[in-house]
Amino acid sequence: MAEKRDFYEVLGVSKSASKDEIKSAYRKLAKKYHPDNHETGDAEKFKEVQEAYDILFDDQKRSAYDQFGHAAFEQGAGGPGSNPFEGGFGGFGADGVDLGDIFSSFFGGGRRQQRASTGPRRGNDAIVRVKVDFMDTILGRDIEIPLTVDEQCATCHGTGAKSASDVKTCPNCGGHGYVRVQRRSLFGVIEQQETCTRCNGSGKIISNPCPNCGGKGYNRVKKNIKVHIIAGINNGQQIRVQGMGERGANGGPNGDLFVEVNVKPHEFFKRDGNDIHLTVPVDFIDAILGTSVDVPTVYGEATLNIPAGTQPGQIFRMRGQGVKDLRSGRPGDQYVHLDIKMPTSLNRKQKELLTQYRQEMGKDDSLLAKFKKIFKK
């Protein structure tokens, strides 16, 4: 499978483009590549343009794409209802704009708008927040989330009818889904458009409902869905699961579910971007003489060399021991903050050795003596 192009490149806009710029670029390219355009129509390019627009015009999806790239939309790809254009090129864009309205004036499609208004429509996206252990966001893992979702009826495929012959055009609105009514007012006769009360705007009447869903076209089910926590994901970022959002209308596919990750704090590790910070206790004698110690990292233990004469509060950098970047895969670093511990009690031998050290150092070499000399200058 060919590698997907960057969505901003597909639409020919910058990463800082406004929604108006994105919509303008989309309309221009959509007219150019729409299959009804016999001169420059290209079904594959049209789908590519539509997918880019669907992601970049939606603020939530665009944020996820800017953070994760195409990886944010690979979860559940290819499942039923994952492509809102299966079976044709009608439907709605990311902002609810009727595509038929875009092309009707350009290609003369007189009935396209009517089909879109009563045809299948994609459901809204939904969001759920989950608490995830700190280490799971570093290393990645699969979790299961209990979810109640409206699934398209497998028997009637969302039509709500027992068979295709049981679906009739509504005689009240002629299949439009709406009727025009005239009312008198102080300003004269006003004509309004209202949803057809007989078919509830669907444009169809079902004479024999589906026995599996009772004519609703969907069934409400409880299920556990598997979600992959991407290694390196940070607090507040989201993972997209296709087809698990709110149900569509008139047999249209469900929207998507966005899983927002809330990371549980770790007792010792602190994350800053892709870097990890860790405070490690060290005996004062090891700081004075120098040593090598094995310190914890998010990937296991690693050796840290502490040179002789290390001072309290000193920070050491361990390259490549941080979090792997979601886009490049390059890891950050771990910063070790040394907490040099002084003894609270000494035995006789230890006191003798330290007393001997103080005597050999001499009064003039003490830190206090050097400090006081500054004020005598």
Side-chain angles (χ1 to χ4, degrees), residues 1-15 17-59 61-62 65 69-70 72-74 76-125 152 157-159 164 169 175-177 202-204 240 242-243 248-256:
M1 182 180 291
E3 184 177 347
K4 279 190 174 183
R5 288 200 298 157
D6 180 82
F7 285 151
Y8 291 99
E9 179 186 339
V10 170
L11 294 182
V13 297
S14 68
K15 291 188 177 181
S18 65
K19 296 187 76 168
D20 287 339
E21 291 172 328
I22 290 173
K23 181 184 285 188
S24 176
Y26 161 71
R27 288 177 178 268
K28 181 179 179 180
L29 293 172
K31 288 180 179 179
K32 179 179 180 180
Y33 294 125
H34 193 276
D36 285 353
N37 188 334
H38 300 296
E39 295 181 358
T40 58
D42 188 315
E44 291 303 317
K45 288 186 177 181
F46 178 78
K47 286 183 179 181
E48 182 183 45
V49 168
Q50 179 59 46
E51 183 183 17
Y53 176 67
D54 180 57
I55 299 301
L56 298 185
F57 195 84
D58 186 292
D59 292 336
K61 293 179 182 178
R62 184 177 182 180
Y65 178 74
H70 292 297
F73 305 96
E74 292 174 357
S82 62
N83 184 357
F85 292 96
E86 287 179 358
F89 295 89
F92 289 76
D95 58 345
V97 176
D98 185 353
L99 294 179
D101 182 57
I102 296 176
F103 303 112
S104 59
S105 60
F106 188 79
F107 299 115
R111 292 188 298 170
R112 185 181 300 274
Q113 185 173 353
Q114 172 188 328
R115 291 199 304 271
S117 63
T118 59
R121 295 195 299 275
R122 181 180 180 276
N124 294 327
D125 294 331
Q152 189 179 87
H157 304 290
T159 65
T169 300
H176 295 279
S202 68
K204 303 170 185 175
R240 177 195 186 214
Q242 287 187 325
N250 300 328
N254 284 18
D256 296 331

Which pair of heavy atoms, one from [X] and one from [Y], lies closest together, and at what distance?
X   : Y   : value
F7  : I55 : CE1-CG1, 3.7 Å
E21 : V13 : O-CG1, 4.1 Å
D54 : K61 : OD2-NZ, 3.2 Å
Y33 : T40 : CD2-O, 3.6 Å
L11 : A52 : CG-CB, 4.0 Å

Inset, instruction - Mind checking salt bridge (charged side-chain N to carboxylate O under 4.0 Å, His left out) for K19 and listing every partner two or more places apart, or none if nothing turns up? - result: D59
Output all residues satisfying side chain to side chain contact (heavy atoms under 4.5 Å, CB included) with [X], sequence neighbours left out; order by chain, then residue number.
X    : value
K28  : none
N124 : E246
E48  : R5, V10

Value rounded to 0.5 Å, distance of [atom1] in [X] from [atom2] in [Y]:
X   : Y   : atom1 : atom2 : result
K15 : L56 : NZ    : CG    : 10.5 Å
F46 : E51 : CZ    : CD    : 12.5 Å
Y8  : I22 : OH    : CD1   : 6.0 Å

Inset, instruction - Taking T169 for its side chain and G175 for its backbone only, find out whether a donor-acceptor pair lies under 3.5 Å. - result: no
Inset, instruction - Using modelled atom types only, decide if a donor and an acceptor are shared between the side chain of D125 and the backbone of D256 within a distance under 3.5 Å. - result: yes
Inset, instruction - Please check if any side-chain donor atom of Y53 sits under 3.5 Å from a side-chain acceptor atom of R27, or the reverse. - result: no
Inset, instruction - Mind checking side-chain hydrogen bond (donor to acceptor under 3.5 Å, both in side chains) for Y65 and listing every partner two or more places apart, or none if nothing turns up? - result: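 Listed in chain order: D6.
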